[in-house]
Amino acid sequence: MAIKFAGNFEVKRTPEEVYDFLSDPSKFAALLPDFQGLSVQDSTHFTVKVNVGISYIKGTAEVKMELAEADRPKRAQYKGKGSMAGGHVALMAAFDLSPLDGDGGTKVAWKGEAEIFGRLTSLAGGLLEPLGKKQVQKLIDGLQAALR
């Protein structure tokens with residue numbers, strides 16, 4: 001089951017500042033909904049742990065992430081794979097940054113996709129997409145607040 005997300009927001013920071021924040025998991029990982037922990041392997045690889053609760057399926061997901069595309073200060077793209085109770089997930093999240101005219105701010109155009117596999121898709125069914133969208137919105141709200 002594939003779930004896609006996209007949107008944009010504006011902040012009053014330079015593209016360089018926004019890129020530096022988005023490309024450093026030690027700065028943004030704690031903003032992830034139900035964040036439990038972070039382990040950084042090197043400058044482009046890290047593992048994040050989050051609590052997962054869908055219907056009666058509860059547990060911790062461990063997601064191995066890679067900064068797959070890094071073009072300072074224009075673009076950061078992450079790819080990741082993880083496992084949780086009842087399934088596996090493949091993720092992609094990308095942030096395209098462009099300067100705003102005149103005020104030194106930045107437009108952040110973001111998109112993401114989650115592909116969920118396994119027993120979880122049949123057990124949680126129609127709950128996955130609305131829950132995913134709610135969690136993504138929490139993350140985007142947190143990013144906007146942190147970048148103010």
Side-chain angles (χ1 to χ4, degrees), residues 1-54 59-118 120-121 124 126-148:
M1 167 183 261
I3 305 170
K4 295 183 180 190
F5 314 95
N8 60 72
F9 60 88
E10 296 178 358
V11 294
K12 299 237 182 248
R13 293 203 182 200
T14 66
E16 291 80 8
E17 290 172 312
V18 175
Y19 179 88
D20 291 346
F21 184 86
L22 292 173
S23 64
D24 184 348
S26 66
K27 292 180 181 175
F28 72 77
L31 300 174
L32 293 167
D34 301 314
F35 173 77
Q36 289 299 306
L38 171 70
S39 172
V40 177
Q41 284 76 47
D42 58 39
S43 64
T44 59
H45 295 85
F46 61 97
T47 303
V48 65
K49 289 184 182 180
V50 294
N51 279 340
V52 176
I54 303 168
T60 301
E62 186 170 293
V63 184
K64 295 178 188 288
M65 298 293 296
E66 174 188 12
L67 180 58
E69 191 175 337
D71 183 11
R72 186 178 193 265
K74 297 176 188 171
R75 180 174 174 81
Q77 181 185 38
Y78 289 97
K79 292 184 179 178
K81 292 183 179 179
S83 58
M84 64 194 106
H88 299 278
V89 64
L91 303 169
M92 182 282 299
F95 301 90
D96 290 299
L97 312 176
S98 55
L100 293 173
D101 292 333
D103 72 353
T106 302
K107 178 181 179 182
V108 180
W110 59 270
K111 65 181 176 180
E113 185 172 336
E115 183 81 31
I116 302 165
F117 308 94
L120 183 62
T121 58
L127 297 175
L128 288 174
E129 188 164 353
L131 179 62
K133 288 185 177 189
K134 181 179 175 184
Q135 297 296 68
V136 167
Q137 190 59 54
K138 282 184 186 178
L139 172 60
I140 296 301
D141 292 346
L143 289 174
Q144 286 178 293
L147 289 166
R148 284 194 187 119

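If you read the sequence from its start, that first residue is 1, and numbering goes on from there.
- Nearest approach of Ala146 to Leu31, heavy atoms of both residues: CB-CD1, 3.9 Å.
- Remark: the backbone N or O of Thr106 is not paired with any side-chain donor or acceptor of Glu10 at under 3.5 angstrom.
- No more than 12 heavy atoms of other residues, nucleotides or ligands lie within 6.0 Å of CG in Asp101, so this atom counts as exposed by the packing criterion.
- We find that Asp20 and Arg72 are joined by a salt bridge, their nearest charged nitrogen and carboxylate oxygen being less than 4.0 Å apart.
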**Request:** Applying side-chain contact (heavy atoms from CB on, under 4.5 Å), run through Leu22 and Leu143 and close with a yes or a no.
**Result:** CA-CA 9 Å; Leu22 292 173; Leu143 289 174; 4.0 Å; yes
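- In terms of the ring-ring contact (aromatic ring centres under 6.0 Å, His included) criterion, residue partners of Phe28 (sequence neighbours excluded) are, by chain and number, Tyr78.
- The CG atom of Leu91 sits 10.0 Å away from the CD1 atom of Ile3 when rounded to the nearest 0.5 Å.
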**Item:** Verdict with supporting geometry, Lys111 and Lys4, side-chain contact (heavy atoms from CB on, under 4.5 Å)
**Value:** CA-CA 8 Å; Lys111 65 181 176 180; Lys4 295 183 180 190; over 6 Å; no
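- In this structure, the separation between CD on Glu69 and OG on Ser23 is 13.0 Å, given to the nearest 0.5 Å.
- Summarising the geometry, atom CG belonging to Leu139 is positioned 12.0 Å from atom CZ belonging to Phe35; distances are rounded to the nearest 0.5 Å.
- Side chains of His88 and Lys81 form no contact here, defined as non-hydrogen atoms less than 4.5 Å apart.
- Taking CG from Asp34 and NZ from Lys138, the interatomic distance works out to 6.0 Å, rounded to the nearest 0.5 Å.
- Closest approach of Leu67 to Ala76, counting heavy atoms only: CD1-CB, 4.1 Å.
- Of the inter-residue distances, the one linking Lys12 atom NZ with Glu17 atom CD reads 13.0 Å to the nearest 0.5 angstrom.
- Between Pro25 and Val40, the shortest heavy-atom contact is CG-CG2, 4.4 Å.
- Looking at heavy atoms from C-beta onward, Val136 lies in side-chain contact with Trp110 at the 4.5 angstrom threshold.
- From Glu66, atom CD reaches atom CZ of Phe46 across 10.0 Å, with rounding to the nearest 0.5 Å.
- Residues Glu16 and Pro73 share a closest heavy-atom pair of OE2-CG, 3.6 Å.
- Scanning both residues, Leu97 and Pro15, for their nearest heavy atoms gives CD1-O, 3.7 Å.
- In terms of heavy-atom proximity, Leu147 sits nearest to Val11 at CB-CG1, 3.9 Å.
- If you check the side chains of Thr60 and Glu62, you find no donor sitting under 3.5 Å from an acceptor.
- Residue pairs meeting the ring pair (Phe, Tyr, Trp, His ring centres under 6.0 Å) criterion with at least one partner in residues 128-148, sequence neighbours excluded, do not occur; the list is empty.
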